[in-house]
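Read through the structure below, which is laid out as structure tokens, and then see the notes.
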Amino acid sequence: MSNLLKTTTIIVSLLFCCLSTATAQEKYAKAYEKKGDAAFESGYYEEALECYALGRRFVLKPLSLFYKSGEACRMLKDYDKAEYWYQKVLIENDTLNINTAFPMLYLHLAEVAKCNGNIIQAQHFLNTCLLDCPDIQIRKQAKRELNSIKWIFDNDTPEENTIVVNLGSNVNNSFSQSGTYVLNDSLLYFTSPIYKEKYQDGEFVYTDIYDQIFVSNIDEDFYTPAKPLEHERINTKKWNYSNFFLDTITQTVYFNCTKKSSGKDNIQIYFSKYTEGKWSKPQVFKPAYDKNSSNTCPVIARDEEDGQTLMYFSSNRQGGFGGFDIWYIDLTSENPVAVNLGSTINTCGNEITPHYCQDEEALYFSSDTHPGFGGFDIFRSEGWLQRWTTPENLLMPINSYANDIYPFVTLSAEQGYFTSNRSSENNTKNKTCCNDLYRWDKQLPKVPTEQVVKAKSAFNPAFDLPISLYFHNDEPNPGSTDTLTTTDYANCYRDYRALSNLYKANCSKGLSDSLETKAVSMMEEFFSGKIDKGMQKLELLAGYLLEKLQEGHSVSLQVRGYASALHNEDYNYKLSQRRIVSLENYLRNWNGGALRGYFETLNENGVPLIQIVRMPFGKLESRSDNPETLEEKRRSVFTFSAMEERRIEIRVVNVR
């Protein structure tokens, strides 16, 4: 056999082996994807996510697995990771028509960005969806969400006289707690799981998980360690109990009860009545029963004038306006039937977890469609039966960018409880996975003591300087050749922070499993260890400056401004100046303008009491490469070297 023929044979064999290997890897990836899809359809989202992760190991750019990983994270309420995986689809895509392959991508990306508080990003994704998506129904949904974004821009200032507190570790834990009911301002009833725990293969495994009714004693602001309610008819073995409501007038307890199953069974309302010294056997509440729907969260309300008694509840039964609606049943009627509250309350989305406050004659409930901040917000409407005022959003800090549900207003009407999956320290792996119980108080904030103020402004120039403040590319005022800006650094920081998942997706582009994890971890460290830390130090510095100025001193700050290698020297010089000015704007606006007057007041030498010494360097000290092609320029924005260079530094703080 000739050498040429031998060589050709070897090459063909190698190609065949490579093709066989590639085919096998694709086969493995498809198998894991199929297994993940089955788990997802059954509601086992963690198992689905694990299968998608295994499948990603066998192909280089598995866009469908990226997207499905995002879907699983979204269902697990891990909004940060969901945003990352959706961003990966956009960054890694080279050929596919995104709107054809993943028509819901931009809509879901906007949803999780919004839940992360990244409102500007959410608006951008919705606008892209509105322009590019061919599906008219998806575009209509995007338009509704854009109206919600507009509402957020007009209402994102927290109410000053409302304080929200987490009920603490005696009530909340790493699982979900929900559905408060408060009796006589002394007993707190709520839903929480019981389970068996064992340590297996290096991690804790939980089995036999059941929802039960728990109770905690209330002593002003203290809650005793919660324990399962001891009740002869509630919390029986191998049943889930939730949404406890006690009607003290009739001595009847209403609740939801389901047998342990896959979680797809319809939920029904049960009741048990206290007569002759004992509780009756729980029975299905027939007026609300509907085998084809779930009926949840029963509450009792009374009209004291005519004696009418109603049950409000949430149901996804037929005849409503959307998914879950709020309905009522007249318990004083001879033929009690479920009646929808009407279109003032109910929408094409979901209205859930009703609570009626007798003192205010007002209905509190949660909705994911009325204008709000997050997934579900809490609303208030005055009325009765089917006549209601336009629902009023309770605003921040009661509502958040997460899901805020199960409102319960105490008799004082100045205090209430609710359930939220907002970021919590009880959950270390996924900050928004699970619900905690919270309390709100309507009152004037307590004035902090002088010792507390000093503790919070514990800034020491010897240890805390220099302060580095970082910027996204070409911010503030992209494309401007001005040296001034009206932008406040707080806005620059907020908008930069909102891009964290975009940066993670770009820095990990094209990387395999372990390298991807390392790159993402390094990017997370940059955002938390540098960008966040700089903002935290700036807050402390502002408090320190106010303290020194109130003592009669004057202060000056020496601030250097830098830029990356993108653009020419003159442009970057002016950009550095704008970045320094954004710091000045931040200090002027800080704490409601507490420092503003000191910029205008002169000392005996005719110098402002606060003076900023601007030292713009542009790209003079830049060591990053100056990219040539458009793609290189785009990629360079997300490199660590460029990110490090886009900053200003507060180098010196002089106090005189």
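Quick note: residue numbers are just sequence positions, from 1. Below, each value reflects all heavy atoms present in this structure, side chains not excepted, and no hydrogens, waters or symmetry copies.
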For a quick test of reading the model, state the closest non-hydrogen atom pair linking [X] to [Y] and the distance between them.
X    : Y    : result
I467 : G534 : CG2-O, 3.8 Å
N421 : A402 : OD1-CB, 3.2 Å
L395 : E159 : CD1-OE2, 3.8 Å
L437 : N172 : N-OD1, 2.8 Å
K77  : C433 : CD-O, 3.8 Å
F153 : I120 : CZ-CD1, 3.8 Å

Residues in salt bridge (Lys or Arg N to Asp or Glu O under 4.0 Å) with [X], at least two apart?
X    : result
R656 : none
D156 : none
K150 : D154

Given 3.5 Å as the limit, does a donor-acceptor pair link the side chain of [X] with the main chain of [Y], or not?
X    : Y    : result
N166 : D436 : no
S148 : G372 : yes
R579 : Y562 : yes
N170 : Y223 : yes
N93  : V89  : no
E92  : G510 : yes
S176 : C434 : no
K88  : S508 : yes
D464 : N460 : yes
N393 : P371 : yes

Can you spot which of R74, K431, K504 makes a salt bridge (Lys or Arg N to Asp or Glu O under 4.0 Å) with D80?
K504
Just checking, is any N or O donor in the side chain of [X] or [Y] under 3.5 Å from an acceptor N or O on the other one?
X    : Y    : result
E83  : N118 : yes
R422 : Y438 : no
N501 : Q87  : no
D474 : Y571 : yes
S178 : N435 : no
S528 : K533 : no
S480 : K574 : no

What do the steps show when you test I398 against D404 for side chain to side chain contact (heavy atoms under 4.5 Å, CB included), and what is the final call?
CA-CA 8 Å; I398 295 175; D404 303 292; 5.9 Å; no
Counting C-beta onward and ignoring hydrogens, is there a side-chain heavy-atom pair between [X] and [Y] closer than 4.5 Å?
X    : Y    : result
C492 : T487 : yes
L90  : L105 : yes
L538 : Y493 : no
E649 : V559 : no

So S367 and T369, side-chain hydrogen bond (donor to acceptor under 3.5 Å, both in side chains) or not? Walk me through it.
CA-CA 6 Å; S367 171; T369 305; 4.7 Å; no
Would you say the ring centroid of W151 lies under 6.0 angstrom from that of F373?
yes
Mind telling me whether [Y] and [X] have parallel, tilted or perpendicular rings, with 30° and 60° as the class edges?
X    : Y    : answer
Y364 : H355 : tilted
H370 : F365 : perpendicular
F66  : W85  : parallel

Scan I405, T353, I378 and name whichever one has a side-chain contact (heavy atoms from CB on, under 4.5 Å) with F418.
I378
Which residue in the set N585, I580, L575 passes side-chain contact (heavy atoms from CB on, under 4.5 Å) when paired with T485?
N585
For residues 596-613, which residue pairs pass the salt bridge (charged side-chain N to carboxylate O under 4.0 Å, His left out) check, not counting sequence neighbours?
R588-E600
Selection residues 483-502 - residue pairs positive for salt bridge (charged side-chain N to carboxylate O under 4.0 Å, His left out), sequence neighbours left out
R497-D532
Is F222 atom CZ crowded by more than 12 heavy atoms from other residues, nucleotides or ligands, each under 6.0 Å away?
yes
R614: which of Q577, E584, Q558 passes side chain to side chain donor-acceptor pair (under 3.5 Å):
E584
One pair to check against side chain to side chain contact (heavy atoms under 4.5 Å, CB included): V581 and I612. What are the steps and the verdict?
CA-CA 9 Å; V581 173; I612 307 292; over 6 Å; no
Qualifying ring pair (Phe, Tyr, Trp, His ring centres under 6.0 Å) pairs with a residue from residues 504-531, counting only residues at least two apart or across chains
Y470-F526, Y496-F527, Y503-F527
Would Y586 and E539 count as a side-chain hydrogen bond (donor to acceptor under 3.5 Å, both in side chains) here? Give the steps.
CA-CA 10 Å; Y586 168 83; E539 284 277 352; 3.2 Å; yes
Evaluation steps, side chain to side chain contact (heavy atoms under 4.5 Å, CB included), between R560 and I648
CA-CA 5 Å; R560 298 185 179 187; I648 59 175; over 6 Å; no
Evaluate the criterion side chain to side chain contact (heavy atoms under 4.5 Å, CB included) for residue pair K442 and Q415; output intermediate values, then yes/no.
CA-CA 6 Å; K442 295 267 187 181; Q415 186 185 79; over 6 Å; no
Are R646 and F638 in a cation-pi contact, defined as NZ or CZ under 6.0 Å from the six-membered ring centre and within 45° of the axis?
no
